Asks: 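What follows is a single structure, and I will ask about it in a moment.
None of the values given here were measured: they were computed from a predicted structure. For ligands, and for the atoms within them, numbers begin at 1 and follow the listed sequence.
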Amino acid sequence: MHITSLSASPSERSRSAWLTQFALTRLEGRSTRHDDILVRQLPAAALLAADVQESAIAAAVRAVESADLVIVGTPIYKAAYSGLLKVFLDLLSPDALRGKLVLPLATGGSPAHFLALDYALKPVLSALGARHVLDGVFATDAQLRRHDAGGFVPEPDLIARLDRALAPLLPRMRARPEPALSC
Ligand SMILES: Cc1cc2nc3c(=O)[nH]c(=O)nc-3n(C[C@H](O)[C@H](O)[C@H](O)COP(=O)(O)O)c2cc1C
């Protein structure tokens, strides 16, 4: 299974990007290919001008279009997904997500916005053809505490919700065979 992850926070030390990477570690050994897109690292002028010919943007769009599973990670800003995410999603063709599995992930400061994935992001994913959207996972900042050594510490409940969202994928993904023992 080819997995493309899309992280759409402007922050360098991003909770939602960390959660996206953490989801990938829960699937470790099961993907045949993985592409990681940090939208904030794409060339800003080309992104804002919707220049899909620009090489890094063209490669990012191809990585989404060729994926079997797209993991979309975003912070919640002003009760919705980030503007950075919308700028990138607007570059995709209307059927870019058709036939793909999509896992929406978000982090937010307030539990009041836990439905933002449902009311704000899912309609956009649907407009891009997505028909197989896994349960979204929303984490508050309190559920993903900063670790002194860098990174974050997820609460057990968050790990359980993430694993539940990923569970429907597991039968579709072959675990990589163990390397043969040499004698
Ligand atoms: C400009 C801005 C707007 C925000 N708006 C909201 C909001 O409406 N609801 C919410 O729950 N959190 C809001 N937050 C908090 C972030 O969503 C939260 O800290 C999130 O974990 C940040 O993710 P990131 O580290 O990946 O950028 C906002 C933060 C910023 C900087």
Asks: Quick one: CG on Leu6 to CG on Asp35, what's the gap to the nearest 0.5 Å?
Replies: 11.0 Å
Asks: When rounded to the nearest 0.5 angstrom, what distance separates CG in Asp36 from OG in Ser7?
Replies: 6.0 Å
Asks: How far is atom 8 (O) of ligand 1 from its nearest protein heavy atom, and which residue and atom name does that atom have?
Replies: Ala79 N, 2.8 Å
Asks: Might you confirm whether atom CZ of Phe114 has over 12 heavy atoms from other residues, nucleotides or ligands at distances under 6.0 Å?
Replies: no
Asks: Can you check which of His113, Arg15, Arg40 brings a heavy atom nearest to atom 7 (C) of ligand 1?
Replies: His113
Asks: Is there side-chain contact between Leu162 and Leu105, with at least one heavy-atom pair below 4.5 Å?
Replies: yes
Asks: Of all the atoms in ligand 1, which lie at a distance below 4.0 Å from a heavy atom belonging to Gly108?
Replies: 11 (O), 12 (N), 17 (O), 18 (C), 21 (O)
Asks: Can you tell me the protein heavy atom closest to atom 31 (C) of ligand 1 and the distance?
Replies: Tyr77 CE2, 3.8 Å
Asks: With respect to atom 15 (C) of ligand 1, which of Ser16, Gly83, Gly109 exhibits the smallest heavy-atom separation?
Replies: Gly109
Asks: Tell me: protein heavy atom nearest atom 22 (C) of ligand 1, and distance?
Replies: Pro75 CB, 3.7 Å
Asks: Given the ring of Phe138, does Arg161 sit roughly above its face, with NZ or CZ under 6.0 Å from the centre of the six-membered ring and within 45° of the axis?
Replies: no
Asks: Does an N or O from Pro10, backbone or side chain, lie closer than 3.5 Å to an N or O of ligand 1?
Replies: no
Asks: Looking at Ser31 and His2, would you say the former's side chain and the latter's main chain have a donor-acceptor pair under 3.5 Å?
Replies: no
Asks: Measure the distance from atom 11 (O) of ligand 1 to every protein heavy atom, then report the residue, atom name and distance (to 0.1 Å) of the closest one.
Replies: Ser110 N, 2.9 Å
Asks: Return the minimal non-hydrogen interatomic distance between Pro104 and Leu125, and the atom names on each side.
Replies: CG-CD1, 4.2 Å
Asks: At what distance, to the nearest 0.5 angstrom, does CG of Leu38 lie from CD of Gln21?
Replies: 7.5 Å
Asks: Please check: side-chain N/O of Arg15 versus main-chain N/O of Leu144, any donor-acceptor pairing under 3.5 Å?
Replies: yes
Asks: What do we get for Ser11 next to ligand 1 when only non-hydrogen atoms under 4.0 Å count, side chain, backbone, both or neither?
Replies: side chain
Asks: Which residue and atom name correspond to the protein heavy atom nearest atom 1 (C) of ligand 1, and how close is it?
Replies: Lys78 NZ, 4.1 Å
Asks: Report the nearest protein non-hydrogen atom to atom 20 (C) of ligand 1: residue, atom name, distance rounded to 0.1 Å.
Replies: Thr107 OG1, 3.3 Å
Asks: With a heavy-atom distance limit of 4.0 Å, tell me whether Asp141 approaches ligand 1 through its side chain, its backbone, both, or neither.
Replies: side chain
Asks: Report the nearest protein non-hydrogen atom to atom 27 (O) of ligand 1: residue, atom name, distance rounded to 0.1 Å.
Replies: Ser9 OG, 2.6 Å
Asks: Please write down residue, atom name and distance for the protein heavy atom closest to atom 16 (C) of ligand 1.
Replies: Ile76 O, 3.6 Å
